[in-house]
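Residue numbering restarts at 1 for every chain, and letters A, B, ... go by the order of the sequence lines.
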Protein chains: 2
Amino acid sequence: MSRPTRQSPERGGARSRLLEAARDVIRAKGFAATSVDDLCGAAAVTKGAFFHHFGSKEALGVAAAEFWAETTSGFFAAAPYHEPVDALQRVLAYVAFRKAIIVGELAQFTCLVGTMAQEVYATSPDIRDACGRSMFGHTATLEADIETARRERGIAGDWTAESLARHTQAVIQGGFVLAKAGNDPGLARESLDHLDRYIRHLFHVTEEDVDERNH
Amino acid sequence: MSRPTRQSPERGGARSRLLEAARDVIRAKGFAATSVDDLCGAAAVTKGAFFHHFGSKEALGVAAAEFWAETTSGFFAAAPYHEPVDALQRVLAYVAFRKAIIVGELAQFTCLVGTMAQEVYATSPDIRDACGRSMFGHTATLEADIETARRERGIAGDWTAESLARHTQAVIQGGFVLAKAGNDPGLARESLDHLDRYIRHLFHVTEEDVDERNH
DNA sequence: TGACACATACCGACTGTCTGGTATGTTTGT
DNA sequence: ACAAACATACCAGACAGTCGGTATGTGTCA
């Protein structure tokens, strides 16, 4: 069925098409429930191509997590939340941005590495670690802004920028879980409102303060 | 292998042994990666017994979510965090309790319905909805204490008890995801510290206030 | 009290399909 | 000509689910 056309579009693109298919199909069905044939079908390539590029299904999982790390880091680096010159405003803009991109179908805005890590953490250490690198690599980029904001504003408190960055990620990931369980993206957005309120509290943001330096 | 002894222990116990096996095995391996034979092996029953009690693997998934709802609601109802007479102290004690039970192996303290919902939300609406009922049924029990605390303390703010109860669940679930990705239970506890701080902020808890009315 | 009917609980061999993976071609750019 | 990038055919095992059967109650009526 739907044999890939001979003289198929861009020869050499099988690997990236498989990674894109993995990103989309695994987010919808999960890693274990996604078969190699599913991926080949979605990417319009044959099994020969699959095992030419990836030594095993597990190796594809690792590659998919790394692909996710690359593409998302590019996506977030190009996002507009970096614009404010004030570091705290960047942090709050990050949270607002994360909320703003929660639209449409669940499988399109949820996190590949969160989903995969949850599923394979005990059965595939390689995939788990690749997911961990992607996730904590991302939190590290936020951590820098949090740390800067803290210094700029002279904020004390018994918490670290690292832990707050990770907490932010936890709220996002947890929001995805609730959104899936309740079949309602609004549940993910809701938790980000609480996170926003919490961060404003940590940085003693008053009502008048809010638009003080808004890009 | 390991044939269940004829005259096996408690005839009639196959169903509950399968549900307990499902609870443990699925939390470790995920739903899709857990085979019916895995469950039969773990429960020491045969396939005949499995399909006598459950019409399909999916039906077992639904039953496992319902079993989880029953056993955890009993567990939390009996937990000591209900002791404080002050509602806010009960809420904070709940968070502390959730943190305290995060010990040992990941598969032993993480949430079955969170794991399953994340995995099957798009492929099995029946399991997803059963997971949702379990999860939001639990948040509803916390919501009551939050609402009472809010009235007792005359707290305003643009948030609802319902949303805060769900946010609490999101932080817990997100903590589990990070703990799995980082292979470190401490990551789940860490987020609960932030949640505790956030709730104290919402209720204007001062340092002196803390042990004011401690059970 | 016991015999018969019936239901529930379980057993384990079997089946057809699907799975990840392999072995061996064929095409294509350089 | 050569290697990389595919395609095709195939395989052995695992998979969910089936089915005919047995063991153990449970209700009923003489």
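- As a whole-Å value, the separation of B:Lys57 NZ from D:dC15 C1' is 9 Å.
- Here A:His52 reaches the OP1 or OP2 of D:dA5: one of its side-chain N or O atoms lies under 4.0 Å away.
- Look at CZ on B:Phe50: it is 12 Å from P on D:dT18, rounded to the nearest Å.
- OP1 or OP2 of C:dG12 has not a single side-chain nitrogen or oxygen of B:Lys47 nearer than 4.0 Å.
- Look at CZ on B:Arg17: it is 13 Å from C1' on C:dC11, rounded to the nearest Å.
- Tested against B:Asp38, the residues B:Lys57, B:Lys47, B:Lys29 include a single salt bridge (Lys or Arg N to Asp or Glu O under 4.0 Å) partner, B:Lys29.
- Of the side-chain N and O atoms in B:Thr46, none sit less than 4.0 angstrom from OP1 or OP2 of C:dG12.
- Computed from coordinates, the A:Ile127 CD1 to C:dG20 P distance equals 12 Å when rounded to whole Å.
- Judged by distance alone, with hydrogens and angles left aside, the side-chain atoms of B:Glu143 form no donor-acceptor pair with the main-chain N or O of B:Ala161 at under 3.5 Å.
- Nearest to the side-chain atoms of A:Val36 among the listed nucleotides D:dA7, C:dC10, C:dG20 stands C:dG20.
- For A:Ser35, whose side chain is taken as the heavy atoms from C-beta onward, the closest listed nucleotide among C:dC10, D:dA5, C:dT19 is C:dT19.
- Here the P atom of nucleotide D:dC15 and the CG atom of B:Leu39 are 11 Å apart, to the nearest Å.
- As a whole-Å value, the separation of B:Asp37 CG from D:dA16 P is 7 Å.
- Atom CZ in A:Phe54 sits about 11 Å away from atom P in D:dC6, given to the nearest Å.
- Between atom CG of residue A:Leu202 and atom NE2 of residue B:His201 there is a gap of 8.5 Å, rounded to the nearest 0.5 Å.
- Residues B:Asp158 and A:Arg197 are paired through a salt bridge, judged by an N-O separation under 4.0 Å between the basic side chain and the carboxylate.
- Separating the CG atom of A:Leu18 from the P atom of C:dG20 is a distance of 13 Å, rounded to the nearest angstrom.
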